[in-house]
Amino acid sequence: MKKIINDPKNFVPEMLEGIYAAHPNEVAYVNGDLHCLVNARKHPGKVGIATGGGSGHLPLFLGFVGDGMLDGCSIGDVFQSPSAEQMFEVTKEIDQGAGVLYIYGNYGGDILNFDMAAEMADFEADIRVESVVAGDDVASGEPLAEGKKNTRRGVAGIFFVYKCAGAAAAKLKSLDEVKAVAEKVCANVRTMGVALSPCIVPRVGRPSFELAEDELEIGMGIHGEPGIRRGKMISADEMVSEMMDSILKDLPYAKDDEVAVLVNGLGGTPLEEQYVVYRQIHKILDSKGIKVYHAYVGEFATSMEMAGFSISLLKVDDELKELLAAPVDTPFFKQAQF
Amino acid sequence: MKKIINDPKNFVPEMLEGIYAAHPNEVAYVNGDLHCLVNARKHPGKVGIATGGGSGHLPLFLGFVGDGMLDGCSIGDVFQSPSAEQMFEVTKEIDQGAGVLYIYGNYGGDILNFDMAAEMADFEADIRVESVVAGDDVASGEPLAEGKKNTRRGVAGIFFVYKCAGAAAAKLKSLDEVKAVAEKVCANVRTMGVALSPCIVPRVGRPSFELAEDELEIGMGIHGEPGIRRGKMISADEMVSEMMDSILKDLPYAKDDEVAVLVNGLGGTPLEEQYVVYRQIHKILDSKGIKVYHAYVGEFATSMEMAGFSISLLKVDDELKELLAAPVDTPFFKQAQF
Amino acid sequence: MMFTTADLKNLLQVWAEMMGKNADFLIDLDGIVGDSDLGLTMSDGFRSAADNAAGSDEADLGKTAYGAGKAMSNAVPSTMGTLMASGLMAIGKKFKGIESIEDSELPEFFQAYFDGVQSRGKAELGDKTFLDGLAPAIEAMRSSIAAGEPITETAVKAAAAAHEGFLATKGMLAKHGRAGGRGEQSRDILDPGAAVADLLLQGFKSFIETKGK
Amino acid sequence: MMFTTADLKNLLQVWAEMMGKNADFLIDLDGIVGDSDLGLTMSDGFRSAADNAAGSDEADLGKTAYGAGKAMSNAVPSTMGTLMASGLMAIGKKFKGIESIEDSELPEFFQAYFDGVQSRGKAELGDKTFLDGLAPAIEAMRSSIAAGEPITETAVKAAAAAHEGFLATKGMLAKHGRAGGRGEQSRDILDPGAAVADLLLQGFKSFIETKGK
Ligand SMILES: Nc1ncnc2c1ncn2[C@@H]1O[C@H](COP(=O)(O)OP(=O)(O)O)[C@@H](O)[C@H]1O
Ligand SMILES: Nc1ncnc2c1ncn2[C@@H]1O[C@H](COP(=O)(O)OP(=O)(O)O)[C@@H](O)[C@H]1O
Ligand SMILES: [Mg+2]
Ligand SMILES: [Mg+2]
Ligand SMILES: [Mg+2]
Ligand SMILES: [Mg+2]
């Protein structure tokens with residue numbers, strides 16, 4: 001196991017110690033628990049936004065805590081939910097009187113714990129909490145439909161939910177308004193991924209699955225959940241075309257629609273290759289008359305050293321464009337107003 | 001070869017097409033040549049700063065072209081120098097009448113071409129060009145000494161040279177002043193790396209070297225140049241201690257010195273592991289009474305999918321601190337004033 | 001006979017031992033479609049619940065259960081960890097303010113557990129979950145008590161029903177958790193969460209046996 | 001006899017063919033300590049220099065050499081590509097404004113090449129580089145011309161000297177490029193850049209032979 005770690009048991013706390021040591025003016029932890037991370041800067045009157053989830057996806061989730069985005073994040077062990085108590089501690093710390101919005105990915109363990117935390121916040125601390133659950137992975141469930149439960153996994157597209165909701169909260173919008181923004185983004189974002197190689201959970205010490213030297217898996221989840229098809233390696237352009245087909249079909253797009261694009265490296269894939277991918281996405285969108293409002297390329301939601309990438313498209317209107325363009329300053333993600 | 005590419009021959013131009021498509025308002029190319037990248041925004045009266053080098057190291061080199069940092073970059077094939085002509089084209093484009101500073105790494109091919117380009121700029125366009133060559137890798141040559149040629153390779157520490165020189169140029173300092181800043185940073189920055197796995201140059205199609213499943217190489221260069229020792233895998237803390245020993249010895253540090261730290265992932269190493277690394281660096285500096293002025297953790301100078309990392313320390317004084325803290329806005333690196 | 005706060009503490013100890021002894025069994029079961037953590041989370045989770053209860057001098061039955069549940073939820077925030085914690089915490093809310101219940105009220109004790117899990121997890125009977133192991137046990141308990149059988153007999157019947165319930169999950173289509181992602185493939189396997197329900201009732205049976213002696 | 005712009009164009013063609021034929025030899029040599037690109041860069045580089053000269057109707061000897069050098073530097077910005085381009089461009093600067101030189105001036109032609117490479121690369125004789133192949137050839141040329149030998153004889157002697165010079169790089173300690181990073185290990189090997197000098201002089205010899213016929 002070629003990992004740059006010490007005792008696998010200490011992987012998460014040591015990583016967190018490193019983060020607090022590296023960014024002492026930007027992030028802090030509450031209740032003496034490294035797993036309860038908050039923005040070191042307070043913004044009175046603002047709706048607090050919290051997220052949380054398992055470790056192993058940096059910069060997701062904690063990396064988006066900072067000005068213009070999230071206020072707090074509870075952190076679990078690798079690929080494991082943090083506890084409701086930890087979420088509750090973060091909730092108490094970030095509530096500024098305007099209530100707290102939970103935004104997290106559609107995974108069983110996270111849902112149960114965030115629900116429990118929301119109850120604790122209500123019963124024990126009288127804090128109003130609302131929740132928005134992101135499920136953007138088109139490879140993992142039926143298309144969204146009015147009144148139907150979304151069974152799709154939350155993946156890199158949650159970045160757009162954080163970004164827009166964070167910008168709305170920074171403008172001191174109300175909890176209901178910020179929630180409405182988050183829901184609007186969830187309704188308009190679609191993602192699809194491809195994996196080329198597995199990752200190793202440090203405590204487990206062996207890969208979670210095997211892919212032959214000439215194989216890939218289209219639609220695999222960020223914890224190695226099974227995808228849509230496993231097949232022989234194909235060219236970058238072919239991968240992108242196949243993935244874009246599924247994405248574009250899922251939320252019908254029309255000529256002259258505008259989108260924001262996110263190319264997300266899974267951890268082991270060079271940035272060069274991600275730009276080769278972006279090139280083909282841009283070509284496809286061009287050919288359909290769909291305009292790119294803004295493109296993000298890099299690592300946003302990883303699976304440690306997994307090789308592969310995902311593509312997320314967010315259909316934008318004037319409101320979302322304005323929210324996307326707002327500045328952000330977190331230790332892991334910075335953006336100037338554009 | 002598990003790469004997300006099309007025809008290996010088109011790897012670099014396709015990557016570049018992706019970059020221009022993704023960042024149309026931020027970067028542009030000159031002379032109809034994708035390999036000649038410049039900041040899309042002009043800053044009249046400013047010293048122009050150009051860099052250049054082979055592809056395969058994103059965000060190095062072109063990723064640091066933007067406001068507050070570099071003005072242009074010429075881009076070669078993977079691990080190959082761009083041509084003098086390409087450098088010259090960039091030079092003409094970024095000269096704003098205040099002259100141009102070349103900052104690049106200490107590699108034979110780059111030196112020859114930048115020297116030739118400087119001559120062309122002088123003879124053919126009457127542009128004053130000065131050059132600063134970064135050689136920060138303590139694993140690759142004798143310690144720096146007055147009047148002696150620096151034989152060390154330029155690696156991730158060049159980020160600090162760009163950052164400080166870029167900030168000085170943004171303040172409209174003169175070419176001599178900006179050059180003096182760059183030289184000061186070169187004199188005060190030290191780097192050491194470790195590699196755990198090789199990378200594959202697309203056109204070559206096979207790894208440039210082999211490392212067994214339980215081996216690492218301390219001091220290896222970013223093109224796979226031989227390091228100081230090859231050995232069995234050790235813990236993250238042991239790697240860091242060994243590397244910090246060499247770095248701290250090379251430019252003696254005293255109690256109460258202040259440093260900026262750069263932890264640089266080589267491409268295939270998860271961000272989580274880089275923070276485990278930072279934790280130990282911080283501990284060692286703490287134990288010696290050396291204060292961290294600012295820490296950067298992430299990918300700054302990669303070798304495509306190579307696994308491993310490097311540590312760079314820059315000894316800072318008030319001048320360098322002020323320059324480091326200045327804002328930057330490039331497509332690949334953004335920083336708010338701190 | 002009465003079921004007191006001291007009994008709850010003993011029952012939690014029995015459950016912790018039960019999960020410890022069956023950790024490998026649960027790991028293997030969860031390994032087929034899940035992430036193999038169930039053996040560890042259940043033994044760690046019930047261990048911390050039992051230790052929390054043992055370490056407290058709380059006499060209140062409800063508060064003891066609630067505290068044990070919270071301890072479990074902190075220790076193992078996995079799906080089943082949180083669900084089992086929710087069960088204990090629901091018992092806590094229901095029996096807050098009293099220090100014992102009649103044996104005849106024990107079905108309500110398990111019903112509270114069931115309700116806590118269901119309101120947290122929002123699964124239906126037949127969704128191939130923990131609930132499908134627990135529900136038949138509660139029903140068997142109720143009939144046995146209604147028939148005036150001694151509690152030892154009730155416990156034996158409840159344990160048998162839970163085991164049947166566990167076995168009956170084979171053939172069901174999973175709708176939740178990791179197995180839920182497998183579709184029809186999931187039918188062939190036994191549900192690991194229902195195995196935990198089975199173990200809880202086996203534990204309850206041996207707790208009652210021991211208490212009767 | 002005179003060496004004209006047309007001769008230069010022919011010589012460049014011969015060199016391009018020479019590098020093409022010996023590409024594998026150079027690849028292997030560069031593969032020992034370098035990055036195996038030398039065969040490709042030299043054949044591509046001299047090909048583009050020759051094509052540039054062939055395609056231009058420039059009559060000026062210097063300008064033709066300069067243009068050929070620039071073409072090479074654009075085509076192959078590797079170490080040797082840039083150095084060879086610098087050599088041709090230095091010839092260009094020296095012989096700008098004339099359309100031919102005397103054969104007896106040919107040592108100056110090669111000296112300009114040498115100076116161009118040296119001022120670009122800043123290596124010294126004995127540093128195990130291209131220069132160690134070219135320098136003895138220039139010396140041999142000078143002596144031969146001073147002795148009044150015919151140019152065919154001069155070319156043969158120069159080629160022999162270049163080959164000796166190439167062989168003599170074995171044993172030298174490399175100070176530049178990738179081999180320079182190897183320290184004492186580099187002594188055992190022949191320098192690939194010096195092999196290029198050898199090939200240039202072998203090419204010159206056959207150019208002179210052909211021209212004499
Ligand atoms: N919504 C739910 N309600 C009740 N039980 C559930 C629910 N979702 C999953 N389960 C149970 O949890 C078991 C898996 O638990 P666990 O191994 O802790 O999950 P994970 O490791 O995925 O967090 C399943 O076998 C099922 O019985
Ligand atoms: N400074 C220099 N001056 C002259 N020749 C040099 C110099 N540095 C390297 N060389 C020559 O270049 C040869 C290697 O060239 P090349 O394969 O193009 O290098 P690279 O592939 O590293 O760019 C060496 O064998 C040596 O003869
Ligand atoms: Mg990475
Ligand atoms: Mg990477
Ligand atoms: Mg499990
Ligand atoms: Mg070479």
Side-chain angles (χ1 to χ4, degrees), chain A residues 2-7 11-12 14-19 21-23 25 55-56 58-59 63 196-197 199 213-214 216 233 235-237 239 261 263 267-280 282-283 292 295 297-299 302 304-305 307-309 327 329 332 334-336 338, chain B residues 2-7 11-12 14-19 21-23 25 55-56 58-59 63 196-197 199 213-214 216 233 235-237 239 261 263 267-280 282-283 292 295 297-299 302 304-305 307-309 327 329 332 334-336 338:
Chain A
K2 242 172 187 178
K3 284 192 173 276
I4 303 169
I5 55 173
N6 299 301
D7 185 336
F11 176 63
V12 172
E14 289 185 352
M15 164 198 86
L16 292 173
E17 282 178 30
I19 288 173
H23 310 291
N25 305 320
S55 293
L58 282 183
L196 275 67
S197 72
C199 64
E213 191 40 51
D214 61 346
L216 50 69
M233 274 296 286
S235 73
D237 285 357
M239 291 179 212
V261 182
V263 175
T269 288
L271 201 43
E272 284 82 1
E273 298 178 13
Q274 296 172 42
Y275 276 99
V276 170
V277 162
Y278 181 75
R279 170 183 171 273
Q280 175 72 352
H282 198 97
K283 274 190 158 180
V292 176
V297 182
E299 292 179 356
T302 62
M304 296 185 291
E305 69 274 29
F309 66 93
D329 188 6
F332 292 72
K334 294 178 203 301
Q335 174 181 306
F338 58 70
Chain B
K2 242 171 188 180
K3 284 192 172 276
I4 302 167
I5 56 173
N6 300 301
D7 185 336
F11 176 63
V12 172
E14 289 184 351
M15 164 198 86
L16 291 173
E17 282 179 29
I19 288 172
H23 309 291
N25 305 321
S55 293
L58 282 182
L196 275 68
S197 72
C199 64
E213 191 39 50
D214 61 346
L216 50 70
M233 274 295 287
S235 72
D237 286 357
M239 291 178 210
V261 181
V263 175
T269 288
L271 201 43
E272 283 83 1
E273 297 179 14
Q274 296 171 42
Y275 276 99
V276 170
V277 162
Y278 181 74
R279 170 183 170 273
Q280 175 73 351
H282 198 96
K283 275 190 156 180
V292 176
V297 181
E299 292 180 355
T302 62
M304 296 185 292
E305 69 275 31
F309 67 92
D329 188 7
F332 292 72
K334 295 179 200 301
Q335 174 181 306
F338 58 71

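Quick note: numbers below take in every heavy atom, side chains included, and nothing from hydrogens, waters or symmetry partners. Chain letters run A, B, ... following the sequence lines, proteins first and then strands; every chain starts at 1.
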Query raised in the report: Between A/Glu272 and B/Leu58, is there a donor-acceptor pair closer than 3.5 Å when you use the side chain of the first and the backbone of the second?
Result: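 Pair found, side chain donor or acceptor close to backbone of B/Leu58.
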
Query raised in the report: Hey, is the main chain of B/Ser235 close enough, under 3.5 Å, to the side chain of A/Asn6 for a donor-acceptor pair?
Result: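 A pair under 3.5 Å: no.
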
Using heavy-atom distances under 4.5 Å, tell me whether [X] contacts chain A through its side chain, its backbone, both, or neither.
X        : value
B/Asp237 : both
B/Val292 : neither
B/Ala336 : both

Query raised in the report: Of all of A/Leu16, A/Val276, A/Asp329, which one pairs up most often with chain B through heavy atoms under 4.5 Å apart?
Result: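 Result: the option with the highest number of such pairs is A/Val276.
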
Could you tell me which non-hydrogen atom of [X] sits nearest to which non-hydrogen atom of [Y], and how far apart they are?
X        : Y        : answer
B/Lys334 : A/Gln335 : CD-CA, 3.8 Å
A/Ile4   : B/Met239 : CG2-SD, 4.0 Å
A/Ala22  : B/Ala295 : O-CB, 3.8 Å

Query raised in the report: Going by atom types only, do B/Tyr278 and A/His23 share a side-chain donor-acceptor pair under 3.5 Å?
Result: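 The criterion, which ignores hydrogens and geometry beyond distance, is not satisfied for A/His23 and B/Tyr278.
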
Requested in this report: Find out whether B/Tyr275 and A/Glu14 are in side-chain contact, i.e. whether some heavy atom of one side chain is under 4.5 Å from a heavy atom of the other.
Outcome: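 The answer is no, as the side chains (C-beta and beyond) never meet within the 4.5 Å cut-off.
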
Requested in this report: Determine whether B/Thr269 and A/Glu305 make a side-chain contact, defined as any pair of heavy atoms from C-beta on separated by less than 4.5 Å.
Outcome: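 Contact flag for B/Thr269/A/Glu305 side chains = no.
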
**Report entry** Closest-packed option against chain A by number of heavy-atom pairs under 4.5 Å, given B/Gln280, B/Met15, B/Lys283
**Finding:**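 When all of B/Gln280, B/Met15, B/Lys283 are compared, B/Met15 has the most.
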
Can you tell me which portion of [X] sits under 4.5 Å from chain B's heavy atoms? Options are side chain, backbone, both or neither.
X        : value
A/Phe332 : side chain
A/Ala21  : both
A/Val277 : side chain

Query raised in the report: So does B/Lys2 pair up with A/Glu213, basic N to acidic O under 4.0 Å?
Result: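 No, this pair does not count.
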
